[in-house]
Number of protein chains: 2
Amino acid sequence: MEEKEISQAVIGRLPRYFRYLGELKDQGIERVSSQELSDIMKVTASQIRQDLNNFGGFGQQGYGYNVEYLFQEIGKILGLDQNHNLIIIGAGNLGQALVNYGNFERRGFLFKGVFDSNPRLHGKRIRDKTVQPMENIKGFVQANDIDIAVLTIPKTEAEKVAEELVGYGIKGIWNFAHVDLNVPEEVQVENVHLSDSLMKLAYNISRSRKEGDGA
Amino acid sequence: MEEKEISQAVIGRLPRYFRYLGELKDQGIERVSSQELSDIMKVTASQIRQDLNNFGGFGQQGYGYNVEYLFQEIGKILGLDQNHNLIIIGAGNLGQALVNYGNFERRGFLFKGVFDSNPRLHGKRIRDKTVQPMENIKGFVQANDIDIAVLTIPKTEAEKVAEELVGYGIKGIWNFAHVDLNVPEEVQVENVHLSDSLMKLAYNISRSRKEGDGA
């Protein structure tokens, strides 16, 4: 399939399509209309048609989309048709939670190693992994074809570690540290800024309260 | 300050302004120009001026913004001038990580209770909290003026629990379960869909790789 330039807004919605299509597939459903998808996803049918048109002719008028095919194609677009090798840096609760969450592996995200700067954690087992010292990162990344590093470390350490990872040829950083990293353009960063998300929730609660007061 | 209708795009950027202004404040910096903010935030100065103009006259031409004042005002807009009482439902690694992350409290997000359906976790101490059974949620929410529930439970449980929470009068749900919740409009939901975020990273890596190949 030929790939066109696709807006980040559409890209941002693809994982959600992928998730819903995966659920339909698991339920044994073979075809779905844009209207049915619209009903379960709470997005307009026209938005769905527009989004999916970006990827060529998945659907046929009056016949709906082939669930399995659309699921596979979106998976390919998302790069899920190949495995990704990950390391986690930071073996605290959050790092452990991510290693233990089996669903990522189902999607081809394979946690290969866990690292921490705290010597007391070295040797600790998390699932089937042993926490290693930071000095091992360089050799490990190169020996295990690691393309993604997950940063679950404090922001004071994150900048320096990110810089080193770039030097080791890492392709992407999944950043949970509460800082915006400065990395070269060719290294992809996806931030999960939990505090930002919580503040947005607080804003929406406070606004909804004011509207409720008629203010 | 009079509040106008502000777009969700601007709202989504406010926590980031708040974060950077907090850092400037911690460094003892009193004034900042839109150009200086632009340099550190990697956003255009004109975007910054436009965003901040939504909230009235914080800045003066050629004189810059008062860091402390702007920090406080954005904090008020975000609803951070009042405390929020939270409970966490799901005492696994992710729930524990959130309870142990002290930064939320600094912003007025107070974790009051932790609940789990697994009897083996009942009585376990996490920081200064004891994990309680799910049956206690109702009474606890009402006795402790809880306005936010954090869901770190599997998606199979999340729908039912969310419905119950709505019945108990909860105002907001910070949802880490991998499902889009159906709740009434007056209940605010902020989703942290970790798999979606990781898939977006995979997409950007795969796209960047193709561009690198000259395809």
Side-chain angles (χ1 to χ4, degrees), chain A residues 3 11-12 14-16 18-19 41-42 77-80 82 84 92-101 103-104 107-109 147-148 152 171-174 178-180 182 185-210 212 215, chain B residues 3 11-12 14-16 18-19 41-42 77-80 82 84 92-101 103-104 107-109 147-148 152 171-174 178-180 182 185-210 212 215:
Chain A
E3 229 171 293
I11 298 309
L14 285 187
R16 203 162 164 259
F18 187 75
R19 176 150 50 92
M41 291 186 64
K42 321 270 179 211
I77 293 162
L78 288 170
L80 304 177
Q82 53 190 356
H84 292 276
N93 289 123
L94 183 56
Q96 292 181 40
L98 296 175
V99 177
N100 283 319
Y101 186 63
N103 254 356
F104 297 134
R107 299 291 176 231
F109 296 97
D147 55 354
I148 297 177
T152 52
K171 300 282 181 298
I173 297 179
W174 199 23
H178 203 45
V179 61
D180 298 311
N182 279 317
E185 218 175 60
E186 66 270 21
V187 177
Q188 310 302 316
V189 176
E190 177 72 20
N191 291 309
V192 182
H193 287 327
L194 294 178
S195 297
D196 288 12
S197 161
L198 188 51
M199 286 186 214
K200 206 171 156 216
L201 178 60
Y203 170 80
N204 283 322
I205 291 173
S206 127
R207 189 197 50 167
S208 139
R209 211 169 254 158
K210 280 172 194 155
Chain B
E3 230 172 291
I11 298 310
L14 285 187
R16 203 161 164 261
F18 187 75
R19 177 151 47 92
M41 291 186 64
K42 320 268 178 213
I77 292 161
L78 288 170
L80 304 176
Q82 52 190 356
H84 293 276
N93 289 123
L94 183 55
Q96 291 181 39
L98 297 174
V99 176
N100 283 320
Y101 187 62
N103 255 355
F104 297 135
R107 299 292 176 229
F109 296 98
D147 54 356
I148 296 177
T152 53
K171 301 283 181 298
I173 297 178
W174 199 24
H178 203 45
V179 61
D180 299 310
N182 279 316
E185 217 176 63
E186 66 270 21
V187 177
Q188 309 301 317
V189 177
E190 177 73 19
N191 291 309
V192 182
H193 287 327
L194 294 178
S195 297
D196 288 13
S197 161
L198 188 50
M199 286 186 214
K200 207 173 153 213
L201 177 60
Y203 170 81
N204 284 321
I205 290 173
S206 128
R207 190 198 49 169
S208 140
R209 210 169 256 160
K210 280 170 194 155

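Quick note on labels: first sequence line is chain A, next is B, and so on, each numbered from 1.
- Looking at A/Asn204, both its backbone and its side chain come within 4.5 Å of chain B, counting heavy atoms on both sides.
- Interface summary for chain A: among B/His193, B/Glu186, B/Lys42, the most heavy-atom pairs under 4.5 angstrom belong to B/His193.
- Using a 4.5 Å cut-off between heavy atoms, B/Asp196 touches chain A through backbone and side chain atoms alike.
- Screening A/Met199, A/Arg207, A/Lys200 against B/Ile11 for a side chain to side chain contact (heavy atoms under 4.5 Å, CB included) leaves a single residue, A/Lys200.
- Below 30°, between 30° and 60°, or above 60°: for B/Phe104 and B/Trp174 the angle between ring planes is above 60°, a perpendicular geometry.
- The part of A/Ile148 that comes within reach of chain B is its side chain, from C-beta onward, which places non-hydrogen atoms under 4.5 angstrom from that chain.
- Taking chain B as the reference chain and counting heavy-atom pairs below 4.5 Å, the highest number among A/Asn191, A/Asp147, A/Asn103 is found for A/Asp147.
- Between atom OG of residue A/Ser195 and atom OH of residue B/Tyr101 there is a gap of 4.5 Å, rounded to the nearest 0.5 Å.
- A/Val179 touches chain B through its backbone: at least one of N, CA, C or O sits under 4.5 Å from a heavy atom, while the side chain does not.
- Heavy-atom pairs under 4.5 Å with chain A were tallied for B/Val192, B/Asp180, B/Asn100, B/Ile173; the largest tally goes to B/Asp180.
- Note: B/His178 leads B/Gln82, B/Glu185, B/His178, B/His84 in heavy-atom pairs under 4.5 Å with chain A.
- When each of A/Glu190, A/Arg16, A/Met41 is checked for heavy-atom pairs under 4.5 Å with chain B, A/Glu190 comes out on top.
- Among B/Leu198, B/Leu98, B/Thr152, the residue with the largest count of heavy-atom pairs under 4.5 Å with chain A is B/Leu198.
- Only the side chain of A/Arg107 comes within less than 4.5 Å of a heavy atom in chain B; its backbone stays farther off.
- Of all the listed residues (B/Ile205, B/Val189, B/Leu94), the one sharing the greatest number of non-hydrogen pairs under 4.5 Å with chain A is B/Ile205.
- Of all heavy-atom pairs spanning A/Ile77 and B/Tyr203, the tightest one is O-CD1, 2.9 Å.
- Counting heavy-atom pairs closer than 4.5 Å to chain B, the top-ranked of the candidates A/Lys171, A/Arg19, A/Gln96, A/Gln188 is A/Arg19.
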